[in-house]
Amino acid sequence: MVHISLPSAAQDHSSTHALGRKSLWKTILGHFLLSHLLPWLIIVPVMGLTLVYLVETQVLLGRRANELASQAGLVAELAARQPEIWSDPALAQAFVNGISGRLTAPVLLFDPTGHLLAASNTLDPNRLASSQEDPELTVPVVDGNQQLLGTVRLVHELSALDSRLQQLRELITSVLAVGLLFGALSGWWLALRLERPIRQSAMAIARLSTGHRLELLPEQGPTELRLLARSINALVTRLQTLEQAQKRLLANLVHELGRPLGALQAATQALLDGADDNPALRVELLMGMNTEMATLQRLLEDMTEFHEQLLAPLVLNRRAVALSTWLPEMLCSWQQVAQTKGVGWQIDLPAPLPVLALDLERMGQALGNLVSNAIKYTPPGGQVTIAAGAQPGETPEPIFWLSVSDTGPGIPLEEQAKIFTPFYRSRSQRRFPQGMGLGLSIARDVIVAHGGRIEVKSTPGVGSCFMLLLPVNPAKHT
């Protein structure tokens with residue numbers, strides 16, 4: 001039996017709103033945001049600084065050095081063709097002025113002794129001759145006899161390069177800032193997308209713990225979250241099924257206990273009122289009381305069996321059973337019940353029948369439930385037929401089958417899949433109007449525990465046929 005305890009209103013409010021009262025960074029959303037933002041906050045600045053360093057040192061400065069080397073080589077080649085400029089500062093200055101417009105860096109000419117002959121007009125010759133702050137490139141100039149004529153020096157002023165580098169830093173910073181903003185927004189979106197189904201699942205479990213009725217969760221998001229929602233939905237469905245079973249159990253208990261107890265009370269009162277003075281009436285009353293107590297005993301056995309199955313899977317005590325001997329003995333007592341009710345009884349058990357490894361007590365209970373139902377719901381003048389045999393199965397081993405057929409009211413097609421559910425009772429009230437609704441459920445579980453299955457075919461108004469199928473251990477026959 002399922003017991004659900006409802007908490008107080010304060011506990012309910014606390015459990016269902018606990019997540020909402022926590023600060024952002026203590027929730028899973030906050031952790032998701034941190035997991036997305038921290039890499040950006042750490043990696044993006046490092047990448048930015050590294051990128052600026054590489055661009056400045058490997059790209060701009062390297063490209064500038066190559067450019068200076070190319071221009072210095074060209075100036076040296078032109079200067080070597082005009083050896084007269086190395087002895088006349090005026091000619092040297094005129095040479096420098098003539099080529100400065102085609103160069104990207106100021107140029108200086110020095111004689112072999114290191115004295116400055118000429119320099120671009122944009123530079124302070126005295127400062128540049130001695131300064132070591134700006135990068136410069138010096139190329140010697142020689143004549144055809146490999147005699148040193150002088151040197152050509154190109155200077156790249158850092159002030160101009162700093163301006164270009166500053167623009168580059170600003171551009172890279174802007175791009176990284178946009179990337180960081182995009183990363184933050186995408187991290188927020190992804191965090192919300194992951195947090196929402198997890199939050200729904202957490203709230204659903206919180207409401208479930210407080211006894212609230214739940215709706216099924218939408219199965220959305222990544223595979224793991226869909227699996228979580230599917231598991232919660234399965235749990236909700238199972239709890240709802242157990243709750244319905246609890247209600248049916250209570251209703252059936254009231255009905256099934258009330259009828260025999262009422263009969264026992266009436267018979268007891270009759271005996272107390274003097275009915276025991278009449279021997280025939282006394283015997284009739286005692287037999288009726290014995291019948292009602294047998295009904296209560298069977299009800300108790302069904303409840304005990306069902307309770308054991310809820311606590312743990314069935315544990316079978318198997319042993320080899322010769323069906324050709326056991327089945328006629330087991331069915332003999334039921335034949336007397338059928339004849340007493342006026343129901344026709346037919347048994348078709350071919351010989352030999354296989355030897356099976358069965359738990360006799362539990363299998364007898366399962367078969368007894370099937371036969372008892374057949375007799376109970378077959379009206380006087382009807383027919384109950386028991387048949388058995390072996391046939392090839394889906395596996396190399398054969399299948400033993402046993403069918404229990406009756407000419408009772410039958411079972412509607414829409415109810416045939418439900419009759420093995422514990423506590424189920426037919427709405428049509430043409431079959432299973434009484435009882436706890438456990439007989440077929442117990443029979444099905446026992447047969448499944450033996451590795452078999454049970455099938456039903458029924459036509460309303462014609463009758464029903466329950467067929468039991470069990471795997472056969474080959475080479476063991478009577």
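Expressed to the nearest 0.5 Å, how far CG of Leu154 lies from CG of Leu108 amounts to 8.0 Å. Interatomic distance, OG of Ser464 versus CD1 of Ile419, reported as 7.5 Å (0.5 Å rounding). A distance of 6.0 Å separates CE of Met363 from CD1 of Ile447, quoted to the nearest 0.5 Å. Separating the CZ atom in Arg153 from the CZ atom in Phe110 is a distance of 4.0 Å, to the nearest 0.5 Å. Atom CD1 of residue Ile85 and atom CG of residue Leu109 lie 5.5 Å apart, to the nearest 0.5 angstrom. To the nearest 0.5 Å, atom CD of residue Gln365 and atom CG of residue Asp445 are 10.5 Å apart.
Around the CD atom of Glu361, the shell of radius 6.0 Å holds no more than 12 heavy atoms that belong to other residues, nucleotides or ligands.
Under a 4.0 Å N-O distance rule, the pair Glu455/Lys457 does not qualify as a salt bridge.
Between Leu78 and Phe95, the closest side-chain pair of non-hydrogen atoms falls below 4.5 Å. Between Arg453 and Val448, the closest side-chain pair of non-hydrogen atoms is not below 4.5 Å. Val107 places a side-chain heavy atom less than 4.5 Å from the side chain of Ser100. For the pair Thr459/Leu413, no side-chain contact is recorded, criterion being any heavy-atom separation below 4.5 Å from C-beta on. Within the 4.5 Å cutoff, side-chain heavy atoms of Trp86 are placed close to those of Leu117. At a threshold of 4.5 Å between non-hydrogen side-chain atoms, the residues Phe466 and Ser403 do not count as touching. Counting heavy atoms from C-beta on, the side chains of His450 and Arg318 come closer than 4.5 Å.
Closest of all the heavy-atom pairs between His115 and Thr113 is ND1-OG1, 2.7 Å. In terms of heavy atoms, Pro106 sits closest to Ser120 at CA-OG, 3.5 Å. Pairing each heavy atom of Trp401 with each of Ala390, the nearest pair is NE1-N, 3.6 Å. Shortest non-hydrogen contact noted between Val139 and Ala76 is CG1-CB, 3.7 Å. The shortest heavy-atom contact between Ser405 and Cys465 is OG-SG, 3.3 Å. Closest non-hydrogen pair, Pro140 versus Leu148, comes out as CB-CD1, 4.0 Å.
A donor and an acceptor atom, one from each side chain of Gln93 and Asn97, are located under 3.5 Å apart. Checked by atom type, the side-chain pair Thr138/Thr151 shows no donor-acceptor distance below 3.5 Å.
With hydrogens and angles disregarded, no donor-acceptor distance shorter than 3.5 Å links the side chain of Asp406 to the backbone of Ala374. A side-chain donor-acceptor contact under 3.5 Å links Ser458 to the backbone of Ile411. Checked by atom type and distance alone, the side chain of Asn145 never pairs as donor or acceptor with a backbone atom of Gln147 at under 3.5 Å.
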- Query: What's the verdict on side chain to side chain contact (heavy atoms under 4.5 Å, CB included) for Leu367 and Leu327, showing C-alpha distance, side-chain angles and the deciding distance?
  - Reply: CA-CA 10 Å; Leu367 290 179; Leu327 275 178; 3.9 Å; yes

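When Leu402, Leu358, Val472, Val355 are each tested for a side-chain contact (heavy atoms from CB on, under 4.5 Å) with Leu323, only one passes: Leu358.
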